[in-house]
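Working notes for the structure below.
Keep in mind the model is a prediction, meaning the values are calculated, not measured. Sequence lines set the chain letters: A, B, ... in the order given, protein chains first and strands last, and positions in each chain run from 1.
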Amino acid sequence: MTLHRSHVLVCSGSNCALHSSSFVKDRLTLEISQAGLGDEIRVLETGCFGLCAQGPIMVVYPEGIHYCKVGLEDIGEIVQEHLLKGRIVNRLLFKGTSDKNWMTKDDFDFYRKQERVVLRNAGVIDPENIEESLVRGGYAAFGKALSEMTPSQVIQEITDSGLQGRGGAGFPTGRKWQFTQEAAGDKKYVVCNADEGEPGTSKDRLILEGDPHTIIEGMLIAGYAIGATQGFVYIRGEYLLSIERLQKAINQAREFGLLGKGILGSDFEFDLEIRSGAGAYVCGEETALLNSIEGKRGEPRFKPPYPAVRGLWQKPTLINNVETLANIGPIIQNGSDWFRQIGTPECPGTKVFTLSGNICNSGLIEVPMGMTLREIIYDIGGGIPDGHQFKMAQTGGTSGGCISADLLDVPMDIPSLAKAGTALGSGALLVVDDRHCVVDLAKTFLRFFAHESCGQCTPCREGTTVLLRLMNKLASGKGDAQDITNLQRLSTTMQQASLCGLGQTAPLPILSALTFFADEFHAHLEGQGCPAGVCG
Amino acid sequence: MDLFQVTIDGQIVNVAPGTTILQAAEDAGVKIPTLCHHPDQQVKAACRVCVVEVEGSRVMQPACAYPVYNGMVVHTNTMAVREVRRTVLELLLTHHPQDCLQCERNLHCELQTLTQEAGIRQVEFPQELRNLPVDESSGAVARDPNKCINCRRCIEACGELQGVDILASINRGYDTVVGTGLNKSLADLACVLCGQCIQACPVGALREVDHTQQVWDALNDPDVHVVVQTAPAVRVALGEELGYPVGSGVTKKMTAALRRLGFDKVFDTDFTADLTIMEEGSELLDRIKNGGTLPMITSCSPGWIKYMEHYYPDMLDHLSTCKSPQQMFGALAKTFYPQTQGMDPSKIFVVSVMPCTAKKYEANRPEMRASGYQDVDVVLTTRELVHMIKQAGLNITALPDEEFDDPLGLSTGAGVIFGSTGGVMEAALRTVYEIVTGDELPSLDFEVVRGLEGTKRASVELIIPEAAADGEVGTSLQVNVAVASSLSEAKKLIELVKTGQEEIHFIEIMCCPGGCIGGGGQPRPTTNQTRTARMNAIYREDAGMPIRKSHENPAVASLYADFLGSPLGSVSHKLLHTHYTKRKVY
Ligand SMILES: Cc1cc2nc3c(=O)[nH]c(=O)nc-3n(C[C@H](O)[C@H](O)[C@H](O)COP(=O)(O)O)c2cc1C
Ligand code: SF4
Ligand code: SF4
Ligand code: SF4
Ligand code: SF4
């Protein structure tokens, strides 16, 4: 390995890539070699740093200086000033809430309050090089499981950790593993759910792009624990970079004898395949996902039987979300006691949130479970831009509920949010300021569901569109009290009688808006018009 | 096995593990409404009409799918359940055309019944009709997607039961509807027109193409001599919609009703069924003796023929060249019959009453004009005959018993069992055995080929006496036969034939499960339960017939003597045999 005086990391996560970070990297490499620094400075593409609103981001090591919103025209200055002369380019530093320029990670509240478990390697390693992962302890946990633990001990450790699924439903992971281990079957499968259909969520992509090996490792451990020999990673079709990087990682893992037959000299056999989805939101629902892998119409199946008993091709199948799997390695490596120190007693560990909407630092963060919404929005997210007021936050994505200002101190963890009538879901966090109207927002969510309903069961197939029509009527000021009654009756029916989570949760944004913003709702019918002046 | 104790609406029942809430409720005397549920199909849990409250469950659960557990407590009739059910039904009605009065399914419609039972008098959600085109292109099976409630029962019938897979759920969300690939009409698809999708449909979205008016017109025309033939399976199903219990044989009431509708002659397809045995039995022996293509496969079922033409075009020479009994009848009704009556064949109008929608298609095939005219003019299904009888205001229970007319009305028990799966085989064996061996069969009942199982097999040992004449024991001929009903079962058998894994000489295939008694034109509901009842009625008819072997039918014998000559002779060849056409799947 050649030694380099300095490393420059350029984010190549998809959000930064949209800001043309690959041009930035190419130009940087060119100018470095023109400056004769080619042997001294190494340019690396890495996974997302999380602060997407400020992309493209570039970090210069060893100092760890963060440059934000780097454009092609800025490259020359960075090379000439910083790399050649060691002078920091102040103009490209992030301007925080204080007047002081923020230079390194430790200066950023955005980073300081975060605790990175699943994102430990994202933005740190070159995700296309397995050796960088190995140097940072990649696959050590798997080696430990394989050589020092029985499958049941592995499951016990996961159960003891209290890890709950991060894909939305929050089901205890250890128990799911145990069911799948106990289910009878000549063949079993492990499936990683990387469909990530929730609008405004990109945490799974960030993990896959920034640290694909952690997913392979999580699946290997799962396969060893439940007795599976084959795994599938179901990745959303648009996630081209994730697919590419994961495929490279799989190939490298095979070369290193970490996948295939006789893994690490044992008789354990496990291999992985990527399947990509056509992009329907409902294909993220675990049984629809299984149908899709089997080449059938991507529609949910009736449960029971659960996938743990009859999944892919009717065989016992373990399905976990990307983020869930990214927690597995660290738990096995450091033990369940370590994991339980993070987060809250009922909900240990961290959670990756995708911050979006009216918030200064939109992007991806990882924080301990139980951090309050206020801390997340104001300390990490930098608050609401342009002097506007916080109105509400939508948690759990489209199928979650809203939280109004008086609940800003709610701890962001699975049980606390459930108690507050909403859901943590996949960790989408949409911040909405006082310029928006709840009726209009609810319409937006409904439009999404009406479009995404798979059409299998009556309440959701018909109900989503009928609800949308009722909402349109309300928004236009032509609604009456009877419409609200029908809205409620229909919502209850969809929640109670829909076949899958999509239809069951579709009315949630409306119902929670009705609960927290009843006045605003009613204003629309009493001929007062839209208080926020949005609905026309 | 330990039973599970389940409490349903306060009542305790003990049921076996694996029982659904729906079944357990039945034991408790509670009827839970269903719509996508079909007794012979897989659980779909899609319509959500049957949801109930299960204590401890966050949401309501579909009774048709949810398995009971020990100690389960279920409420099927709470305010909340009634409200949710009602709302689900209202949602179905938001784009359902409410033209019950004009609908073919009126009074036999599951949606209509449920709507009534739920007490819905008004749909409170905004309504919107779809205005999709109705497909009558095939002239046999009609699809009205506007009335489809997305229960998907037809998809399973076509895909799983028949293995044809013409129908599929298309679009998503609110626009979801059951349709065909590329939205093609049925006439442009490899649909075999079996009508099993009609039998599966709970509403008026699938039905036959109605031809009753053409029949009324013919009956009303004084210049036309209208004759009717009735298929064997019609007489054991017609009564279901006319005041008789399921499984009643109403042959003599049916003939009386047909006369009162104004048909000039009431004939019987059973007669040509006997004739088919003479021709087909001779063809089989000929193929065995002269090294023809074996196994020979029956050709009575037009849906089956169309299936072979589309899906196994290279195996058509396995099919018997015999026309179906309906078409043999048509050819004779416009040649032999007018000749004996001194009538002008162009004035004869032949109507068939069939348990089948594919027969409508068969009658229109270009090959079926041996008489110089279209041999069969109009085909009605059993259901259409019911409609005509009702339109005419006939109460068949009060009609006298009447017989078929001569000369095309006399038949045997062998003819009537054509209506059930295994019947053609049994009839053929009765005749072939006696013709070949010269001995009388000890028992006429070949039980092994009877019943609803999809595929049945038998082996019959025939001792040929001519060979024994010079003091030898006689040549023993082992004839292996197989019987399949439904196309998915047929497919399995044909694949065996294709690979030559099994030596079979003769195969009977009926397109519809259970044979014609379960045909696509039969009264609804046609389920395994009603199929069994009709099948029993068929074998009762057979047992009660004075003659039970086709070769002993005196009318058939004189037909050969006076008109046809001998089986497989030149007249037979022209009138009673046909050829098949290779077709594509796409
Ligand atoms: C409509 C719908 C969409 C879903 N989409 C996703 C998804 O995109 N990614 C995901 O991991 N889980 C999704 N889920 C949840 C999965 O069904 C399943 O619970 C999850 O993959 C289990 O993994 P976990 O236990 O690790 O959370 C969805 C559920 C529903 C009802
Ligand atoms: S709830 Fe919606 S998405 Fe889920 S099965 Fe029913 S129609 Fe499909
Ligand atoms: S399908 Fe049923 S509900 Fe619909 S119009 Fe016909 S009879 Fe009425
Ligand atoms: S008529 Fe038969 S083949 Fe045609 S769509 Fe219906 S079930 Fe399928
Ligand atoms: S056509 Fe009939 S059977 Fe098919 S889905 Fe529609 S309602 Fe159900």
Check your understanding: Tell me, side chain or backbone of Glu90(B) under 4.5 Å from chain A's heavy atoms, or both, or neither?
Key -> side chain
Point to revise | Least distance between heavy atoms, Tyr234(A) atom then Gly277(A) atom | key: OH-CA, 3.1 Å
Point to revise | Modelled atom types, side-chain donor and acceptor of Thr287(A) and Glu285(A), under 3.5 Å | key: yes
Point to revise | Portion of Arg297(A) that has a non-hydrogen atom of chain B nearer than 4.5 angstrom | key: side chain
**Study point:** When Lys303(A), Gln495(A), Gln504(A), Arg301(A) are compared by non-hydrogen pairs under 4.5 Å with chain B, the top option
**Key:** Gln504(A)
Practice item. Determine the minimum heavy-atom distance between Phe445(A) and Pro509(A), stating which atoms define it. Key: CD1-CB, 3.7 Å
Review point. How about residues 69-85 of chain B versus chain A: which residues have heavy atoms under 4.5 Å apart?
Key: Glu83(B), Val84(B)
Practice item. Could you grab the distance from atom NE2 of His38(B) to atom SG of Cys64(B), nearest 0.5 Å is fine? Key: 13.5 Å
**Study point:** Those residues of residues 112-121 of chain B, ordered by number, that approach chain A below 4.5 Å (heavy atom to heavy atom)
**Key:** none
Review point. Which of the residues Leu35(B), Leu89(B), Val88(B), Val43(B) is involved in the greatest number of heavy-atom pairs with chain A at under 4.5 angstrom?
Key: Val88(B)
Exercise for review: Indicate whether any N or O donor in one side chain lies under 3.5 Å from an N or O acceptor in the other, for Asp195(A) and Asn193(A).
Suggested key: no
Point to revise | Toward chain B, the part of Gln496(A) with a non-hydrogen atom under 4.5 Å | key: both
Practice item. Verify whether one side chain among Arg48(B) and Thr458(A) offers a donor that lies under 3.5 Å from an acceptor in the other. Key: no
Review point. What is the minimum heavy-atom distance between Lys184(B) and Leu189(B), and which atoms define it?
Key: O-CD1, 3.7 Å
Check your understanding: For Ala497(A), is it the side chain, the backbone, both, or neither that has a heavy atom closer than 4.5 Å to a heavy atom of chain B?
Key -> both
Review point. Are any of the side-chain nitrogens in Glu495(B) or Lys492(B) under 4.0 Å away from the carboxylate oxygens of its partner?
Key: no
**Study point:** Full working for side-chain contact (heavy atoms from CB on, under 4.5 Å) between Leu474(A) and Leu525(A)
**Key:** CA-CA 6 Å; Leu474(A) 283 174; Leu525(A) 21 142; 3.1 Å; yes
Exercise for review: Identify the heavy atoms of Cys402(A) and Ser512(A) that sit nearest to each other, and give their distance.
Suggested key: N-OG, 2.8 Å
Check your understanding: Is Asp99(B) salt-bridged to Lys147(B), cutoff N-O under 4.0 Å?
Key -> yes
Check your understanding: How are the rings of Phe302(A) and Tyr66(B) set relative to one another: parallel (under 30°), tilted (30 to 60°) or perpendicular (over 60°)?
Key -> perpendicular
Practice item. For Thr173(A) and Thr324(A), test the side chains for any donor-to-acceptor distance below 3.5 angstrom and give the result as yes or no. Key: no
Exercise for review: Can you measure from NZ (Lys31(B)) to SG (Cys50(B)) and round to the nearest 0.5 angstrom?
Suggested key: 12.5 Å
**Study point:** Test side-chain contact (heavy atoms from CB on, under 4.5 Å) applied to Val68(B) and Ile21(B), step by step
**Key:** CA-CA 6 Å; Val68(B) 296; Ile21(B) 295 176; 4.2 Å; yes
Check your understanding: Which residues from residues 168-179 of chain B are near chain A, with near meaning under 4.5 Å between non-hydrogen atoms?
Key -> Ser169(B), Ile170(B), Asn171(B), Arg172(B), Gly173(B), Tyr174(B), Thr176(B)
**Study point:** Residue-level contacts of residues 148-165 of chain B with chain A, using a heavy-atom cutoff under 4.5 Å
**Key:** Ile149(B), Asn150(B), Arg152(B)
**Study point:** Among Glu452(A), Arg236(A), His451(A), Glu198(A), side-chain hydrogen bond (donor to acceptor under 3.5 Å, both in side chains) partner for Tyr281(A)
**Key:** Glu198(A)
**Study point:** Portion of Thr94(B) that has a non-hydrogen atom of chain A nearer than 4.5 angstrom
**Key:** side chain
Practice item. Determine, step by step, whether Val59(B) and Ser57(B) satisfy the side-chain contact (heavy atoms from CB on, under 4.5 Å) criterion, reporting the C-alpha distance in whole Å, the side-chain angles of both residues, the deciding distance to 0.1 Å, and the verdict. Key: CA-CA 5 Å; Val59(B) 293; Ser57(B) 169; 4.3 Å; yes
Review point. What option among Arg86(B), Glu128(B), Glu53(B), Gln61(B) has the most heavy-atom pairs under 4.5 Å with chain A?
Key: Glu128(B)
Point to revise | Atom of Pro459(A), atom of Thr493(A) and distance for their closest heavy-atom approach | key: CB-O, 4.3 Å
Review point. Passes side-chain contact (heavy atoms from CB on, under 4.5 Å), Asp440(A) versus Cys530(A)? Steps please.
Key: CA-CA 9 Å; Asp440(A) 184 60; Cys530(A) 172; over 6 Å; no
Review point. In Å, rounded to the nearest 0.5 Å, how long is the span from NZ of Lys443(A) to SG of Cys535(A)?
Key: 5.5 Å
